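The basis for the numbers below is simple: all heavy atoms, side chains too, and nothing from hydrogens, waters or symmetry mates. Throughout, protein chains are lettered first and strands after them, A, B, ... in sequence-line order, and every chain is numbered starting at 1. It should be emphasised that the depicted structure is a prediction, and the values quoted were computed from it without experimental measurement.
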Amino acid sequence: MKKYIDQGKNDTRSGFGAGLAELGRTNPNVVALCADLVGSLKMEKFIEENPERFFQIGIAEANMMGIAAGLTIGGKIPFTGTFANFSTGRVYDQIRQSIAYSNKHVKICASHAGVTLGEDGATHQILEDLGLMKMLPGMTVINTCDYNQTKAATIAIAAYQGPVYLRFGRPKVANFTPVDQKFEIGKAVMLNEGTDVTIVATGHLVWEALIAAETLEKQGISAEVINIHTIKPLDGEAVLKSVKKTGCIVTAEEHNYLGGLGESISGLLATTQPTPQEFVATKDTFGESGTPEQLMDKYGLNNKAIVNAVVNVLKRK
Amino acid sequence: MPKLQELQDLTVQVRRDILRMVHKVNSGHPGGSLGCTEFIVALYNEIMELKDGFDMDGAGEDLFFLSNGHISPVFYSVLARKGYFPVDELNTFRLINSRLQGHPTTHEGLPGVRIASGSLGQGMSVALGAAQAKKLNKDSKLVYTLHGDGELQEGQNWEAIMYAAGKKVDNIVATIDYNGQQIDGATKDVLPMGDLKKKFEAFGWDVVDIKEGNDLEAILKGMKEAKSRTGKGKPVCVLLHTIMGHGVDFMMYTHAWHGKAPNDEQLATALEQNPETLGDY
Ligand SMILES: Cc1ncc(C[n+]2csc(CCOP(=O)(O)OP(=O)(O)O)c2C)c(N)n1
Ligand SMILES: [Mg+2]
């Protein structure tokens with residue numbers, strides 16, 4: 001199996017901060033907005049270098065989404081920063097009318113998604129955001145897996161016309177995608193070719209999927225591992241090509257199984273090529289306080305859970 | 001500069017447009033539209049500095065955002081009669097495949113519209129973003145908005161009102177259609193909002209009262225005053241005291257016509273009170 005090396009643990013939100021800082025230097029139209037979470041979103045560098053292009057909104061996320069929409073009228077490319085919960089559910093109607101329906105070039109950048117936010121607990125751990133965002137017509141939805149990919153995605157979405165939801169997280173995790181890997185919106189990344197089962201993962205579950213594939217290899221099971229960072233538009237071609245070969249699939253995400261990546265894929269497969277599928281995802285539940293590792297374990301969101309899901313799906317082939 | 005009589009004639013014609021539009025599809029919002037007719041006519045034909053044609057960015061011209069999107073009939077009529085799109089298109093209001101959706105939208109590419117509105121309470125934030133983009137672009141033109149008074153019950157407005165003053169967004173003139181009415185009744189009965197003037201002032205805004213909000217001369221004077229107060233470190237609010245349903249006697253002073261179309265007979269009476277001036281579409 002192809003080897004991936006952790007280049008040093010880092011948080012995806014720092015990848016966002018680094019990407020935003022680079023955009024500040026290269027694209028004069030990029031502006032940033034934040035609702036009193038500058039440090040959490042790692043926006044300091046951009047602000048330090050471009051104070052006139054930063055808008056501190058205060059704790060008023062609805063206002064932030066509207067102001068971002070307005071800034072596009074005048075040619076700006078606004079990046080909003082707050083936690084995933086306050087980037088989506090809190091402001092759904094503002095995004096729906098002023099950004100998505102109005103087709104504004106706003107980049108909604110959301111940190112602290114999922115249970116890996118940790119100790120703050122369920123009030124802050126949104127597991128519904130991918131579903132909320134992917135249901136909006138015209139919204140592009142991205143969930144990145146490590147520092148390098150988040151940095152590359154941040155830079156890529158500035159050049160993309162239209163509204164984007166970019167989801168990342170809080171904890172330091174393995175940084176394993178190549179530093180120079182181009183980020184192509186809507187294109188799956190083949191991480192390991194295999195023949196027995198397809199594992200499609202997004203976000204923090206991608207590294208777990210690679211560990212799971214190694215474990216499975218030792219058991220004589222050849223797993224194909226695909227990273228889908230763009231939930232919408234979905235790279236259906238990559239999924240179909242893989243399941244034609246393997247005949248079964250496990251999807252893995254730090255999100256409710258309702259509304260997530262797995263649901264999108266099952267919708268695709270049901271209408272094209274019905275395939276046994278298992279979901280590694282939360283099962284219609286809120287999160288709770290704990291360390292990220294404890295929570296990923298308790299809610300079945302790690303490499304062990306993926307291995308179990310593969311064992312189960314293979315029986316259904 | 002159009003003479004007062006020309007604006008007057010346009011006002012009457014726009015009223016006719018509003019009434020005929022909502023009558024044809026037996027839906028839409030005549031009350032607020034009629035109450036704001038003088039204001040929107042004056043704004044587009046005398047107050048705002050506009051370029052020819054339409055582009056989304058509106059660089060180098062004043063911008064207008066209609067936050068209370070339900071009064072789309074008056075907005076559409078004034079835009080059409082200003083030349084943004086053919087006046088005949090008013091015939092398609094609220095019909096399938098029309099660019100004139102029930103509430104204004106950019107989705108169908110109607111010239112003159114820069115944001116969707118209809119879900120109340122969002123327009124001020126959008127306008128503030130556009131105003132701040134103007135500042136970044138060193139564009140000295142202004143941003144105008146209109147909001148319902150009932151609409152101010154939405155909390156997002158107060159986020160925006162606080163922000164505008166706090167960040168010294170002084171290139172915006174936000175007007176409140178102060179008709180004292182909303183869907184379920186008088187605003188004072190539905191949810192009393194207290195002294196709006198004092199509220200805006202307490203939030204750090206400069207407030208201009210236009211007591212006769214259905215009088216063109218008073219509007220022109222008040223809006224010119226409001227304009228003169230921009231650029232001085234404070235956002236400017238205009239409290240436009242209007243009469244809902246103005247210009248049609250049986251529609252006035254009540255919330256009853258907020259979102260109800262006249263029947264054939266009522267339309268005939270209403271049109272009699274507003275005889276054709278520039279020609280019906
Ligand atoms: C967020 C939201 N809630 C409710 C409505 C339904 N609604 C449409 S107009 C209206 C009343 C608005 O009152 P006001 O702003 O005073 O406008 P007027 O009736 O005076 O035209 C309501 C409740 C809406 N469009 N948006
Ligand atoms: Mg009202």
Specify which of [options] makes the most heavy-atom pairs with chain A at under 4.5 Å.
| options | result |
| --- | --- |
| Ala127(B), Gly118(B), Ser117(B), Gly58(B) | Ser117(B) |
| Arg114(B), Lys134(B), Met124(B) | Arg114(B) |
| Leu128(B), Asn157(B), Val143(B), Thr105(B) | Thr105(B) |

*Side chain from CB out, backbone as N, CA, C, O: work out which of these in Gln56(A) comes under 4.5 Å of a heavy atom of chain B, or both, or neither.*
both
_With a 4.5 angstrom heavy-atom cut-off, is it the side chain or the backbone of Ile57(A) that approaches chain B, or both, or neither?_
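The answer is both parts of Ile57(A).
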Quick one: what part of [X] sits under 4.5 Å from any heavy atom of chain A, side chain, backbone, both or neither?
| X | value |
| --- | --- |
| Lys135(B) | neither |
| Ser125(B) | both |
| Glu108(B) | side chain |

*Ignoring hydrogens and angles, tell me if any N or O in the side chain of Ser102(A) forms a donor-acceptor pair with the backbone of Ile115(B) under 3.5 Å.*
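Here the side-chain-to-backbone pair does not exist.
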*Is it true that a side-chain atom of Asn137(B) and a backbone atom of Gly74(A) form a donor plus acceptor pair closer than 3.5 Å?*
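Yes; at least one donor-acceptor contact below 3.5 Å.
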*Top residue by heavy-atom pair count (under 4.5 Å) with chain B, among Gly66(A), Ala68(A), Gly58(A)?*
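Most pairs with chain B among the choices: Gly66(A).
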_Pairwise distance CD1(Ile67(A)) to CD(Gln122(B)) - rounded to 0.5 angstrom_ = 12.5 Å
*Could you state the interatomic distance from OH (Tyr101(A)) to CD (Gln101(B)), rounded to the nearest 0.5 Å?*
5.0 Å
*Within a strict 4.5 Å, meaning less than it, do heavy atoms of the Leu71(A) and Gln132(B) side chains meet?*
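Of all side-chain heavy-atom pairs linking Gln132(B) with Leu71(A), at least one is under 4.5 Å.
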Take atom [atom1] of [X] as the centre, draw a 6.0 Å sphere, and report whether it contains more than 12 heavy atoms from other residues, nucleotides or ligands.
| X | atom1 | value |
| --- | --- | --- |
| Arg53(A) | CZ | yes |
| Arg229(B) | CZ | yes |
| Met162(B) | CE | no |
| Glu49(A) | CD | yes |
| Leu95(B) | CG | yes |

*Looking only at non-hydrogen atoms, find the nearest pair between Thr72(A) and Asp57(B) and report the distance.*
O-OD1, 3.6 Å
*Atom of Val126(B), atom of Ile73(A) and distance for their closest heavy-atom approach*: CG1-CD1, 4.4 Å
*asked:* Out of the candidates Gln94(A), Glu61(A), Met65(A), only one should pair with Gln156(B) under the side chain to side chain contact (heavy atoms under 4.5 Å, CB included) rule; please name it.
replied: Gln94(A)
